[in-house]
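A short write-up of the structure that comes next.
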Number of protein chains: 2
Amino acid sequence: MSNDTKAALLDSAERIVRRTGFDGFSYADLAEDVGIRKASIHHHFPTKATLSVAMMQRYHAGLEQACHQIDQRHSTGSDRLIALIDLYRAALNGGASVCLCVALIAGRESLSGEALAEIRKFRAMMVGWIVSVFELARSDGTLRDIAEEALEAAAVLSLLEGAQLAARSEESVAPFDQATALLRSRVIA
Amino acid sequence: MSNDTKAALLDSAERIVRRTGFDGFSYADLAEDVGIRKASIHHHFPTKATLSVAMMQRYHAGLEQACHQIDQRHSTGSDRLIALIDLYRAALNGGASVCLCVALIAGRESLSGEALAEIRKFRAMMVGWIVSVFELARSDGTLRDIAEEALEAAAVLSLLEGAQLAARSEESVAPFDQATALLRSRVIA
DNA sequence: GATAGTTTACCTACTACATGGTAGGGAAAA
DNA sequence: TTTTCCCTACCATGTAGTAGGTAAACTATC
């Protein structure tokens, strides 16, 4: 029962942050969204800092699982890369939001040290996984012109996050698709 | 004399926004930074919206000029691309800030419609210029594997902006360099 | 199994402070 | 004499967070 409210608060906070940025959400917004009083939120999350850390941890776990699912469902490097692109594409909600990581980095000055650490951990996890995708692609030969995996992975993550910004700037997925088209075309048919 | 204060206000606002995001700056901050009283700012910029539009317009003009300067100083496509990468790298201030466009998109929910329009205009201008760089590179043969210019340009802008986020997340230029290394390596020696 | 004690989950009511913006005045330059 | 530029003083609203209380749900003990 506590877990329900807690999860609802995290759901609401994540939705708002991804749409409006970290500084754009307040306990009042959350309260109205979830249907409890503002003060009650402090029972579950004493401060905004604790909430943001919990939010980032849950996001980290969720995306890690999403990557594992991709591994299970797709057996080639190229298929996994395409699935990753689609994952980031879906996070756009048609241009209405970005992924949590992008939303939080932009407002990083308001974040606690702990939250910043979570962001770094998350990015390291993602880069690590993308490296594994390129390693597989090198061995199964499903992607064109693979350079050093670490550099490929860093470039892919930055491109995906940047493409989300582009999409957000026009509130449409079109710029995301444009920006990621060449990455997609590296798949060997 | 008015112009001095106005420019100082824009300087200060841009610095703060690029470090802390749009929602992270207040008239009180500006006042302290520039050395006049909070209320006096309204004489120059009646509302925050007018200030943000002016800021974006000045930024647009500034970067447009920077692109022209690149055109004048560098005659090959690859040299111009490298100069662009270095321009975005310099905007990082060692990981302490991002470019204005990235900072504003993240907090776009707080922006006025006019400010959003300025952002779109700015991005269109940048993409257009990057297209011209790739067109030149295609004809002078200084870059490897050029695909459709419009797609190349969209990918480059997204990569640069995403790489800024990466750098900001670790408050260091290193992730930017990592993410842009492969782009740099497309130069034909 | 009833009862007492504790924890959980929420509430109303509040504080202290920051926010963008306004009203109106003063001094000096055009 | 009007306009420019800045001031003090204020306002309404929104912010995170606190104080203290209530009712229900567990838990331990007799």
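Order of the sequence lines fixes the chain letters, A, B, ..., with proteins taken first and strands second; residue numbering starts at 1 for each chain. Nothing here was measured: the structure is a model prediction, and the numbers come from that model.
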Roughly how many Å is it from [atom1] in [X] to [atom2] in [N], rounded to a whole number?
X: A:Y27; N: C:dA16; atom1: OH; atom2: P; answer: 21 Å
X: A:L51; N: D:dG17; atom1: CG; atom2: C1'; answer: 14 Å
X: A:K48; N: D:dT18; atom1: NZ; atom2: P; answer: 15 Å
X: B:R37; N: C:dT22; atom1: CZ; atom2: C1'; answer: 18 Å
X: B:K6; N: D:dT4; atom1: NZ; atom2: P; answer: 11 Å
X: B:I16; N: C:dT19; atom1: CD1; atom2: P; answer: 11 Å
X: B:K38; N: D:dA9; atom1: NZ; atom2: C1'; answer: 11 Å
X: A:H42; N: D:dG20; atom1: NE2; atom2: C1'; answer: 15 Å

Within less than 4.0 Å of OP1 or OP2 of [N], is there a side-chain N or O belonging to [X]?
X: A:S26; N: D:dG14; value: no
X: B:H43; N: D:dC6; value: no
X: A:T5; N: C:dC10; value: yes
X: A:H44; N: C:dC10; value: yes

What nucleotide among D:dA16, C:dC10, C:dG20 has an atom nearest to a side-chain atom of A:I36?
C:dC10
The nucleotide from D:dC10, D:dT8, D:dA16 with an atom nearest the side chain of B:A39 is D:dT8
What pair of heavy atoms forms the shortest contact from B:V173 to B:A167, and how long is it?
CA-CB, 4.4 Å
Remember a base hit wins even if backbone is also touched, and classify B:S40 as base, sugar-phosphate or nothing at under 4.0 Å, heavy atoms.
base
Please classify the nucleic acid contact of B:F25 as base, sugar-phosphate, or nothing, using heavy-atom distances under 4.0 Å.
sugar-phosphate
Can you tell me how far NE2 of A:H68 sits from CH2 of A:W129, rounded to the nearest 0.5 angstrom?
9.5 Å
Using 0.5 Å steps for rounding, measure from the CD1 atom of B:I119 to the NE2 atom of B:H60.
12.5 Å
Check whether more than 12 heavy atoms from other residues, nucleotides or ligands sit under 6.0 Å from atom CZ of B:R144, and answer yes or no.
yes
For A:F122 and A:Y59, take the angle between the two ring planes, folded into 0 to 90°, and tell me which bin it lands in: parallel under 30, tilted 30 to 60, perpendicular over 60.
tilted
